[in-house]
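In what follows, a structure is listed as C-alpha coordinates, so that the remarks can point back to it.
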Amino acid sequence: MALRTACAVALRTGTDLGVNNARTFVTTAFLCKRVPPLGPMPNEEFDMKNLQSVERYRSYNRYFRQAEEMKNKPAWWKTYRGYVEKADPEHGEENKVDIGLPYYRPCRLKEVRERRQVMKANKENADLERACRLRTFKIPLDVVQEVWKKNRGPLHIKKLADHYGVFRDLFPMAYFLPQVSLHICYGQDNSGTVHFGNRLTPTEAASVPQISFDAEDGSLWTLLLTCPDEHLLENEAEYVHWLVGNIPGGAVQSGEELCHYLPPFPAKGTGFHRYVYVLFKQEGPINFQEDVRPSPCHSLVDRTFKTVDFYRKHQDNMTPAGLAFFQCQWDESVTNTFHNTLNMREPVFEFIRPPVYHPPQVKYPHRQPLRYLDRYRDGKENTYGIY
(Lines give C-alpha, C1' and ligand atoms only; values in the text may rest on other atoms or scores of the structure.)
Protein backbone atom coordinates (compact mmCIF):
# COMPACT_ATOMS: atom_id res chain seq x y z
CA MET A 1 0.00 0.00 0.00
CA ALA A 2 2.82 2.38 0.82
CA LEU A 3 4.49 1.56 -2.52
CA ARG A 4 1.30 2.36 -4.40
CA THR A 5 1.02 5.71 -2.62
CA ALA A 6 4.61 6.60 -3.46
CA CYS A 7 4.06 5.68 -7.10
CA ALA A 8 0.91 7.78 -7.22
CA VAL A 9 2.81 10.76 -5.90
CA ALA A 10 5.63 10.18 -8.38
CA LEU A 11 3.21 9.92 -11.27
CA ARG A 12 1.48 13.17 -10.46
CA THR A 13 1.28 15.39 -13.51
CA GLY A 14 3.32 18.53 -14.01
CA THR A 15 0.17 20.67 -14.03
CA ASP A 16 -0.62 19.68 -10.45
CA LEU A 17 2.91 20.49 -9.36
CA GLY A 18 2.67 23.90 -11.01
CA VAL A 19 -0.59 24.62 -9.24
CA ASN A 20 0.88 23.64 -5.88
CA ASN A 21 3.97 25.78 -6.48
CA ALA A 22 1.78 28.75 -7.37
CA ARG A 23 -0.28 28.21 -4.22
CA THR A 24 2.89 28.07 -2.13
CA PHE A 25 4.19 31.29 -3.69
CA VAL A 26 0.92 33.13 -3.11
CA THR A 27 0.75 31.92 0.48
CA THR A 28 4.33 33.02 1.14
CA ALA A 29 3.70 36.46 -0.37
CA PHE A 30 0.55 36.83 1.71
CA LEU A 31 2.40 35.93 4.91
CA CYS A 32 5.16 38.40 4.05
CA LYS A 33 2.63 41.17 3.76
CA ARG A 34 1.31 40.39 7.21
CA VAL A 35 4.73 40.89 8.85
CA PRO A 36 4.41 43.77 11.35
CA PRO A 37 6.66 46.84 10.82
CA LEU A 38 9.71 47.45 12.98
CA GLY A 39 8.12 50.46 14.64
CA PRO A 40 5.26 52.95 14.44
CA MET A 41 4.44 54.13 10.95
CA PRO A 42 4.09 57.85 10.05
CA ASN A 43 0.67 59.37 10.83
CA GLU A 44 -0.41 56.14 12.48
CA GLU A 45 -2.08 58.01 15.34
CA PHE A 46 -4.54 59.76 13.01
CA ASP A 47 -7.96 58.23 12.40
CA MET A 48 -8.52 58.70 8.68
CA LYS A 49 -12.21 57.87 8.98
CA ASN A 50 -12.81 60.62 11.51
CA LEU A 51 -10.70 63.60 10.48
CA GLN A 52 -12.95 66.06 12.28
CA SER A 53 -11.58 64.85 15.60
CA VAL A 54 -8.00 65.83 14.70
CA GLU A 55 -6.70 68.82 16.68
CA ARG A 56 -6.16 71.90 14.53
CA TYR A 57 -2.96 73.92 14.65
CA ARG A 58 -4.81 77.29 14.65
CA SER A 59 -1.58 79.17 13.74
CA TYR A 60 1.48 78.75 11.57
CA ASN A 61 3.85 79.09 14.53
CA ARG A 62 2.31 76.08 16.29
CA TYR A 63 2.49 74.06 13.07
CA PHE A 64 6.12 75.06 12.48
CA ARG A 65 7.10 74.25 16.08
CA GLN A 66 5.49 70.81 15.93
CA ALA A 67 7.02 70.12 12.51
CA GLU A 68 10.48 70.91 13.88
CA GLU A 69 9.90 68.56 16.82
CA MET A 70 8.85 65.74 14.50
CA LYS A 71 11.83 66.43 12.23
CA ASN A 72 14.31 66.15 15.11
CA LYS A 73 12.60 63.10 16.59
CA PRO A 74 14.56 59.93 15.77
CA ALA A 75 12.80 57.39 13.56
CA TRP A 76 13.44 53.69 13.06
CA TRP A 77 13.42 53.95 9.25
CA LYS A 78 16.08 55.53 7.05
CA THR A 79 15.54 58.47 4.75
CA TYR A 80 17.09 58.90 1.33
CA ARG A 81 19.68 61.25 2.81
CA GLY A 82 20.60 58.61 5.38
CA TYR A 83 21.24 56.02 2.69
CA VAL A 84 23.33 58.45 0.63
CA GLU A 85 25.43 59.54 3.60
CA LYS A 86 26.01 55.92 4.58
CA ALA A 87 27.15 55.07 1.05
CA ASP A 88 29.38 58.16 0.86
CA PRO A 89 30.16 59.29 4.43
CA GLU A 90 32.71 61.89 3.31
CA HIS A 91 29.99 64.02 1.69
CA GLY A 92 27.54 63.84 4.58
CA GLU A 93 26.08 67.08 5.89
CA GLU A 94 27.22 66.34 9.45
CA ASN A 95 30.88 66.02 8.40
CA LYS A 96 31.14 69.47 6.80
CA VAL A 97 32.93 72.26 8.64
CA ASP A 98 31.77 75.88 8.78
CA ILE A 99 34.77 78.00 7.77
CA GLY A 100 32.92 81.32 7.50
CA LEU A 101 32.29 84.21 9.83
CA PRO A 102 30.19 83.50 12.94
CA TYR A 103 26.51 83.85 12.15
CA TYR A 104 24.15 85.25 14.75
CA ARG A 105 20.62 84.26 13.92
CA PRO A 106 18.12 87.04 14.72
CA CYS A 107 15.76 86.42 17.60
CA ARG A 108 12.45 85.01 16.40
CA LEU A 109 10.48 86.74 19.18
CA LYS A 110 12.02 90.09 18.29
CA GLU A 111 11.12 89.61 14.63
CA VAL A 112 7.51 88.82 15.52
CA ARG A 113 7.22 91.91 17.72
CA GLU A 114 8.64 94.17 15.04
CA ARG A 115 6.32 92.67 12.46
CA ARG A 116 3.31 93.27 14.66
CA GLN A 117 4.31 96.89 15.18
CA VAL A 118 4.68 97.39 11.44
CA MET A 119 1.29 95.79 10.78
CA LYS A 120 -0.33 97.96 13.44
CA ALA A 121 1.21 101.12 11.96
CA ASN A 122 0.08 100.10 8.46
CA LYS A 123 -3.50 99.57 9.60
CA GLU A 124 -3.57 103.07 11.11
CA ASN A 125 -2.14 104.68 7.98
CA ALA A 126 -5.01 106.16 5.98
CA ASP A 127 -2.88 107.01 2.94
CA LEU A 128 -1.65 103.42 2.70
CA GLU A 129 -5.21 102.13 2.93
CA ARG A 130 -6.36 104.49 0.18
CA ALA A 131 -3.44 103.52 -2.11
CA CYS A 132 -4.20 99.81 -1.65
CA ARG A 133 -7.90 100.36 -2.31
CA LEU A 134 -7.17 102.33 -5.50
CA ARG A 135 -4.47 99.80 -6.54
CA THR A 136 -1.79 102.48 -6.77
CA PHE A 137 0.43 101.19 -3.98
CA LYS A 138 3.97 100.19 -5.01
CA ILE A 139 6.14 97.89 -2.93
CA PRO A 140 9.69 99.25 -2.46
CA LEU A 141 11.76 96.32 -3.71
CA ASP A 142 15.03 97.86 -2.52
CA VAL A 143 13.79 97.84 1.06
CA VAL A 144 12.55 94.26 0.69
CA GLN A 145 15.93 93.15 -0.64
CA GLU A 146 17.80 94.84 2.20
CA VAL A 147 15.59 93.15 4.79
CA TRP A 148 16.09 89.81 3.04
CA LYS A 149 19.88 90.19 3.06
CA LYS A 150 19.90 90.87 6.78
CA ASN A 151 17.52 88.08 7.80
CA ARG A 152 17.30 85.01 5.55
CA GLY A 153 19.65 85.98 2.74
CA PRO A 154 22.79 84.08 3.87
CA LEU A 155 20.86 80.86 4.42
CA HIS A 156 19.15 81.06 1.03
CA ILE A 157 22.44 81.82 -0.76
CA LYS A 158 24.05 78.82 0.93
CA LYS A 159 21.23 76.57 -0.32
CA LEU A 160 21.72 77.88 -3.85
CA ALA A 161 25.46 77.27 -3.63
CA ASP A 162 24.82 73.72 -2.44
CA HIS A 163 22.38 73.19 -5.29
CA TYR A 164 24.98 74.27 -7.88
CA GLY A 165 27.79 72.31 -6.17
CA VAL A 166 29.93 75.36 -5.43
CA PHE A 167 31.09 74.28 -1.97
CA ARG A 168 31.56 70.70 -3.13
CA ASP A 169 34.03 71.71 -5.86
CA LEU A 170 35.77 74.70 -4.26
CA PHE A 171 35.79 73.80 -0.55
CA PRO A 172 35.45 70.01 -0.13
CA MET A 173 34.05 69.04 3.28
CA ALA A 174 33.45 72.71 4.16
CA TYR A 175 30.95 75.54 3.66
CA PHE A 176 30.27 79.10 4.82
CA LEU A 177 27.38 81.51 5.09
CA PRO A 178 27.88 84.50 2.72
CA GLN A 179 27.17 87.39 5.08
CA VAL A 180 28.71 90.16 2.93
CA SER A 181 26.64 91.09 -0.12
CA LEU A 182 28.52 91.43 -3.39
CA HIS A 183 27.23 93.84 -6.06
CA ILE A 184 28.85 92.85 -9.38
CA CYS A 185 27.80 94.49 -12.63
CA TYR A 186 29.25 94.08 -16.14
CA GLY A 187 29.00 96.83 -18.72
CA GLN A 188 28.61 100.55 -18.40
CA ASP A 189 24.81 100.34 -18.27
CA ASN A 190 24.96 97.62 -15.56
CA SER A 191 23.04 95.24 -17.81
CA GLY A 192 24.98 92.14 -16.79
CA THR A 193 24.43 91.78 -13.06
CA VAL A 194 25.83 88.74 -11.27
CA HIS A 195 23.40 87.10 -8.85
CA PHE A 196 23.46 83.45 -7.81
CA GLY A 197 23.53 81.19 -10.85
CA ASN A 198 22.07 83.48 -13.52
CA ARG A 199 23.25 83.21 -17.11
CA LEU A 200 25.59 85.68 -18.79
CA THR A 201 27.31 85.48 -22.15
CA PRO A 202 31.11 85.65 -22.50
CA THR A 203 30.60 88.83 -24.53
CA GLU A 204 28.86 90.51 -21.60
CA ALA A 205 31.61 89.41 -19.19
CA ALA A 206 34.50 90.39 -21.48
CA SER A 207 35.63 93.42 -19.46
CA VAL A 208 36.40 94.02 -15.80
CA PRO A 209 33.16 94.41 -13.79
CA GLN A 210 32.21 97.06 -11.29
CA ILE A 211 32.24 95.58 -7.78
CA SER A 212 31.05 97.07 -4.54
CA PHE A 213 30.36 95.68 -1.06
CA ASP A 214 29.85 96.98 2.45
CA ALA A 215 33.15 97.16 4.31
CA GLU A 216 34.39 98.85 7.45
CA ASP A 217 37.06 101.54 7.33
CA GLY A 218 40.50 100.04 7.66
CA SER A 219 39.45 96.49 6.75
CA LEU A 220 41.30 94.41 4.12
CA TRP A 221 39.76 91.97 1.65
CA THR A 222 40.69 89.48 -1.06
CA LEU A 223 38.57 88.93 -4.19
CA LEU A 224 38.78 85.76 -6.27
CA LEU A 225 37.13 84.77 -9.57
CA THR A 226 37.58 81.12 -10.52
CA CYS A 227 35.94 78.48 -12.70
CA PRO A 228 35.81 74.84 -11.51
CA ASP A 229 34.49 73.52 -14.86
CA GLU A 230 36.93 75.00 -17.36
CA HIS A 231 40.22 73.13 -16.96
CA LEU A 232 41.15 71.25 -20.12
CA LEU A 233 43.51 68.66 -18.60
CA GLU A 234 42.65 68.04 -14.92
CA ASN A 235 39.20 67.38 -13.55
CA GLU A 236 39.95 68.66 -10.04
CA ALA A 237 41.83 71.80 -11.07
CA GLU A 238 40.51 75.28 -11.87
CA TYR A 239 41.50 78.32 -13.88
CA VAL A 240 41.84 81.56 -11.93
CA HIS A 241 40.33 84.45 -13.90
CA TRP A 242 40.96 87.27 -11.44
CA LEU A 243 42.68 87.61 -8.08
CA VAL A 244 43.02 90.83 -6.09
CA GLY A 245 44.43 90.95 -2.56
CA ASN A 246 44.81 93.51 0.23
CA ILE A 247 41.78 95.51 -0.90
CA PRO A 248 41.36 98.50 1.44
CA GLY A 249 37.72 98.96 2.42
CA GLY A 250 35.52 98.40 -0.63
CA ALA A 251 37.89 99.93 -3.22
CA VAL A 252 38.77 97.00 -5.46
CA GLN A 253 40.78 99.24 -7.81
CA SER A 254 43.16 100.13 -4.96
CA GLY A 255 43.96 96.50 -4.15
CA GLU A 256 47.01 94.46 -5.13
CA GLU A 257 46.21 92.71 -8.42
CA LEU A 258 47.82 89.27 -8.20
CA CYS A 259 46.37 88.00 -11.48
CA HIS A 260 44.79 90.27 -14.06
CA TYR A 261 41.25 89.72 -15.35
CA LEU A 262 40.67 87.12 -18.06
CA PRO A 263 37.27 86.82 -19.80
CA PRO A 264 35.37 83.52 -19.60
CA PHE A 265 36.27 80.99 -22.29
CA PRO A 266 33.98 77.95 -22.01
CA ALA A 267 34.96 75.53 -24.75
CA LYS A 268 32.45 74.80 -27.47
CA GLY A 269 30.36 71.72 -26.78
CA THR A 270 30.97 71.63 -23.01
CA GLY A 271 27.73 73.30 -21.93
CA PHE A 272 27.41 75.81 -19.10
CA HIS A 273 30.37 76.63 -16.85
CA ARG A 274 30.18 78.13 -13.36
CA TYR A 275 32.17 81.29 -12.62
CA VAL A 276 32.38 81.95 -8.90
CA TYR A 277 33.29 85.15 -7.06
CA VAL A 278 34.56 84.53 -3.51
CA LEU A 279 35.26 87.41 -1.13
CA PHE A 280 37.65 86.79 1.79
CA LYS A 281 38.00 89.03 4.82
CA GLN A 282 41.59 89.44 5.97
CA GLU A 283 42.79 89.76 9.53
CA GLY A 284 45.58 92.04 8.37
CA PRO A 285 48.01 92.62 5.49
CA ILE A 286 49.10 89.38 3.77
CA ASN A 287 52.22 88.75 1.73
CA PHE A 288 50.97 87.25 -1.57
CA GLN A 289 54.41 86.98 -3.16
CA GLU A 290 53.96 83.26 -3.90
CA ASP A 291 50.55 83.81 -5.53
CA VAL A 292 51.53 86.57 -7.96
CA ARG A 293 51.17 85.66 -11.65
CA PRO A 294 53.18 87.35 -14.41
CA SER A 295 51.47 90.34 -15.98
CA PRO A 296 50.04 89.86 -18.49
CA CYS A 297 49.31 86.19 -17.76
CA HIS A 298 48.22 84.45 -20.96
CA SER A 299 49.37 80.96 -20.04
CA LEU A 300 46.82 78.44 -18.86
CA VAL A 301 49.55 76.58 -17.01
CA ASP A 302 50.23 79.64 -14.85
CA ARG A 303 46.51 80.13 -14.31
CA THR A 304 45.96 76.59 -13.01
CA PHE A 305 44.55 77.05 -9.54
CA LYS A 306 42.85 75.32 -6.62
CA THR A 307 40.74 77.37 -4.25
CA VAL A 308 41.04 74.92 -1.37
CA ASP A 309 44.86 75.00 -1.55
CA PHE A 310 44.85 78.80 -1.68
CA TYR A 311 42.59 78.95 1.37
CA ARG A 312 44.62 76.39 3.34
CA LYS A 313 47.75 78.43 2.74
CA HIS A 314 46.20 81.62 4.17
CA GLN A 315 43.45 80.24 6.40
CA ASP A 316 44.96 81.78 9.52
CA ASN A 317 44.73 85.28 8.04
CA MET A 318 41.54 85.22 5.94
CA THR A 319 37.93 84.02 6.17
CA PRO A 320 35.41 83.60 3.32
CA ALA A 321 32.60 86.13 3.73
CA GLY A 322 30.93 86.80 0.35
CA LEU A 323 29.79 84.74 -2.62
CA ALA A 324 28.27 85.32 -6.07
CA PHE A 325 28.36 83.22 -9.23
CA PHE A 326 27.02 83.08 -12.76
CA GLN A 327 26.93 80.62 -15.68
CA CYS A 328 28.37 80.92 -19.18
CA GLN A 329 28.39 78.88 -22.36
CA TRP A 330 30.23 79.28 -25.66
CA ASP A 331 29.67 82.16 -28.06
CA GLU A 332 31.71 83.81 -30.83
CA SER A 333 33.85 85.86 -28.44
CA VAL A 334 35.40 82.68 -27.00
CA THR A 335 37.08 81.98 -30.33
CA ASN A 336 38.68 85.42 -30.22
CA THR A 337 39.88 84.81 -26.65
CA PHE A 338 41.58 81.54 -27.61
CA HIS A 339 43.20 82.88 -30.79
CA ASN A 340 44.21 86.41 -29.82
CA THR A 341 44.54 86.37 -26.03
CA LEU A 342 45.68 82.84 -25.17
CA ASN A 343 47.48 82.32 -28.53
CA MET A 344 46.28 78.75 -28.95
CA ARG A 345 43.95 76.72 -31.10
CA GLU A 346 40.37 76.54 -29.92
CA PRO A 347 39.30 73.12 -28.61
CA VAL A 348 35.90 71.93 -29.83
CA PHE A 349 34.05 69.05 -28.19
CA GLU A 350 31.32 67.07 -29.89
CA PHE A 351 29.07 64.40 -28.49
CA ILE A 352 29.00 61.27 -30.64
CA ARG A 353 25.61 59.71 -30.23
CA PRO A 354 25.54 55.91 -30.29
CA PRO A 355 23.31 54.26 -32.91
CA VAL A 356 19.74 53.57 -31.92
CA TYR A 357 19.42 50.08 -30.50
CA HIS A 358 16.82 47.72 -31.94
CA PRO A 359 16.28 44.18 -30.70
CA PRO A 360 16.88 41.32 -33.13
CA GLN A 361 14.18 41.05 -35.75
CA VAL A 362 11.67 38.23 -35.35
CA LYS A 363 9.95 36.45 -38.20
CA TYR A 364 6.43 36.75 -36.81
CA PRO A 365 6.18 39.99 -34.76
CA HIS A 366 3.24 39.72 -32.43
CA ARG A 367 1.40 42.87 -31.29
CA GLN A 368 3.90 45.19 -32.97
CA PRO A 369 3.02 48.42 -34.84
CA LEU A 370 2.73 48.49 -38.61
CA ARG A 371 6.05 50.32 -38.93
CA TYR A 372 7.90 47.48 -37.21
CA LEU A 373 9.74 46.49 -40.41
CA ASP A 374 10.93 50.07 -40.97
CA ARG A 375 13.38 49.64 -38.09
CA TYR A 376 15.30 47.03 -40.03
CA ARG A 377 15.32 48.53 -43.55
CA ASP A 378 18.65 49.24 -45.19
CA GLY A 379 17.62 52.65 -46.53
CA LYS A 380 18.05 55.80 -44.46
CA GLU A 381 14.77 57.37 -45.49
CA ASN A 382 11.93 56.65 -43.10
CA THR A 383 8.68 55.38 -44.54
CA TYR A 384 6.56 55.80 -41.45
CA GLY A 385 2.89 55.99 -42.38
CA ILE A 386 3.50 55.23 -46.07
CA TYR A 387 1.87 51.93 -46.93
Side-chain angles (χ1 to χ4, degrees), residues 60-61 63-73 75 78-108 110-112 115 141-185 192-200 211 213-214 223-229 238 271-281 307-308 311 318-329:
Y60 176 76
N61 292 334
Y63 163 76
F64 185 78
R65 192 182 307 113
Q66 188 169 351
E68 288 292 332
E69 293 177 359
M70 296 301 296
K71 178 182 177 181
N72 299 328
K73 185 178 179 181
K78 281 188 177 180
T79 60
Y80 174 76
R81 179 179 296 177
Y83 280 105
V84 172
E85 292 176 358
K86 183 179 180 181
D88 192 5
E90 295 184 357
H91 293 81
E93 191 69 25
E94 290 79 5
N95 300 326
K96 293 184 179 181
V97 181
D98 186 2
I99 59 176
L101 299 174
Y103 177 69
Y104 301 100
R105 189 170 183 176
C107 179
R108 178 68 178 175
K110 184 178 179 180
E111 290 182 354
V112 172
R115 188 178 303 172
L141 297 181
D142 297 339
V143 177
V144 174
Q145 188 174 7
E146 291 297 329
V147 174
W148 171 76
K149 290 179 181 179
K150 293 180 181 179
N151 296 335
R152 299 293 178 181
L155 298 175
H156 293 171
I157 297 173
K158 177 187 174 297
K159 289 183 179 180
L160 288 172
D162 285 331
H163 175 74
Y164 284 96
V166 173
F167 296 136
R168 178 195 62 200
D169 296 334
L170 297 187
F171 302 96
M173 304 301 299
Y175 70 95
F176 67 93
L177 290 178
Q179 302 187 39
V180 179
S181 300
L182 280 171
H183 303 277
I184 305 173
C185 297
T193 305
V194 179
H195 298 290
F196 311 102
N198 59 313
R199 299 179 182 179
L200 296 178
I211 300 178
F213 54 90
D214 297 333
L223 182 66
L224 168 67
L225 173 60
T226 182
C227 179
D229 308 320
E238 312 160 19
F272 285 96
H273 291 197
R274 298 163 296 173
Y275 294 86
V276 187
Y277 281 93
V278 183
L279 181 66
F280 299 91
K281 185 175 183 180
T307 304
V308 62
Y311 172 70
M318 64 169 53
T319 305
L323 181 69
F325 54 96
F326 64 97
Q327 300 182 80
C328 259
Q329 68 175 350

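The structure presented is a predicted model; accordingly, all values stated were derived computationally and were not measured.
Note that NE2 of H273 is 9.5 Å distant from CD of Q329, once rounded to the nearest 0.5 Å. For the atom pair CG of N151 and NE2 of H156, the computed distance is 10.0 Å after rounding to the nearest 0.5 Å. Atom CD in Q179 sits 13.0 Å away from atom CG in D214 (nearest 0.5 Å). For the atom pair L223 CG and L182 CG, the distance stands at 7.0 Å (nearest 0.5 Å). Distance check: F280 CZ to L224 CG gives 5.5 Å after rounding to the nearest 0.5 Å. The distance from the CG atom of D142 to the CD atom of Q145 is 7.0 Å, given to the nearest 0.5 Å.
A donor-acceptor contact shorter than 3.5 Å is absent between the side chain of N198 and the backbone of V194. Although no hydrogens or angles enter the test, the distance criterion places a donor-acceptor pair under 3.5 Å between the side chain of Q327 and the main chain of G197.
The heavy-atom pair separating F196 from W148 by the smallest distance is CE1-CH2, 4.3 Å. P228 and R274 get closest at one heavy-atom pair: CD-O, 3.3 Å. Residue D98 comes nearest to G100 through the heavy atom pair OD1-N, 3.1 Å, listed as atom of the first residue, atom of the second, then distance.
Taking the side chain as every heavy atom from C-beta outward, E238 and D169 never approach each other to under 4.5 Å. In this structure the side chain of T319 never reaches within 4.5 angstrom of the side chain of F176, judged on heavy atoms. When side chains are defined from C-beta on, F171 does not count as touching K96, because their heavy atoms never get closer than 4.5 Å. Side-chain contact between Y311 and I99 is present, with heavy atoms from C-beta onward closer than 4.5 Å. The shortest distance between side-chain heavy atoms of R65 and E69 falls below 4.5 Å.
Within 6.0 Å of atom OH in Y103, more than 12 heavy atoms from other residues, nucleotides or ligands are found, so the atom counts as buried in its surroundings. Sparse packing is recorded around CZ of F64, with 12 or fewer heavy atoms of other residues, nucleotides or ligands lying under 6.0 Å away.
Exactly one of P154, S181, P178 qualifies for a side-chain contact (heavy atoms from CB on, under 4.5 Å) with L323. That residue is P178.
Note: Y275 and F326 have parallel aromatic rings, judged against thresholds of 30 and 60 degrees for the angle between ring planes.
Not counting sequence neighbours, the partners of Y277 by the side-chain hydrogen bond (donor to acceptor under 3.5 Å, both in side chains) test are Y186.
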